[in-house]
Amino acid sequence: MELTGNLYGFYSNKSISEVFKSLEEYSKNINFKFEHNSFQEEKSMFFYKDDSMLDHHDEEGYNTEINGEGCFNVEAKETKLNGIATLFEFDGESDFDPYDINLAFTQVYYYVLTVPHLVENDMFSQKVHRSLLSILS
């Protein structure tokens, strides 16, 4: 099976345990189950509604063919962030001058969300994306 799903990366100062606890609550609110996994220094949570959705995911990959919903996943790891970010305005609504800034964090958490579709094209993926962003903010 080819790779499916759309990935969205986030950096946050919120710890993995704090974020995963909030994700557990979120899963209860949307009536989804979850599985915790870990590999080396990376942890993840995989979400699915029921065994039927999980079986369909195993066969077809990330999709929303069952009632407009689908499986999604959040991977997390603690890391360092040393780099340069280029800031720019959206519709003139910022209060900064666009320029490059240097980033130097010795401890930051990196999260990757995998959803079935691009958030611009799918309400379910958009809802999950917004919910994770809210948890991380």
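Small disclaimer: the values here were computed from a predicted structure and weren't measured.
With hydrogens and angles ignored, the 3.5 Å screen pairs a side-chain donor or acceptor of Thr4 with a backbone N or O of Tyr62. Side chain of Ser125 to main chain of His117: a donor-acceptor pair is present (N/O by atom type, distance under 3.5 Å, no hydrogens or angles).
When every heavy atom of Gly70 is checked against every heavy atom of Thr64, the shortest pair comes out as N-CG2, 4.1 Å.
Heavy atoms of other residues, nucleotides or ligands lying less than 6.0 angstrom from CD of Glu120 number more than 12. Counting heavy atoms of neighbouring residues, nucleotides and ligands inside a 6.0 Å radius, atom CG of Asn121 exceeds 12 of them.
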Show me the donor-acceptor pairs within less than 3.5 Å that the side chains of residues 129-137 make with the rest of the protein, sequence neighbours left out.
| residue | atom | partner | partner atom | Å |
| --- | --- | --- | --- | --- |
| Arg130 | NH2 | Gln126 | OE1 | 2.9 |
| Ser131 | OG | Tyr26 | OH | 3.4 |
| Ser131 | OG | Lys127 | O | 2.9 |
| Ser137 | OG | Leu133 | O | 2.7 |

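Val19 has its side chain within reach of Leu23: a pair of non-hydrogen atoms, C-beta onward, lies under 4.5 Å apart.
For Tyr110 and Tyr11, the ring centers sit closer than 6.0 Å to each other.
A salt bridge between Lys21 and Glu24 is absent, with no side-chain N of the basic residue lying under 4.0 Å from a carboxylate O of the acidic one.
Ile101 and Phe105 fall within the same hydrophobic cluster, where Ile, Leu, Val, Met, Phe, Trp and Tyr residues are linked whenever their side-chain heavy atoms come under 4.5 Å apart, directly or through other members.
Defined by atom type and a distance below 3.5 Å, a donor-acceptor pair is present between the side-chain atoms of Gln107 and Tyr109.
The salt bridge (charged side-chain N to carboxylate O under 4.0 Å, His left out) search around Lys49 returns Glu69, not counting sequence neighbours.
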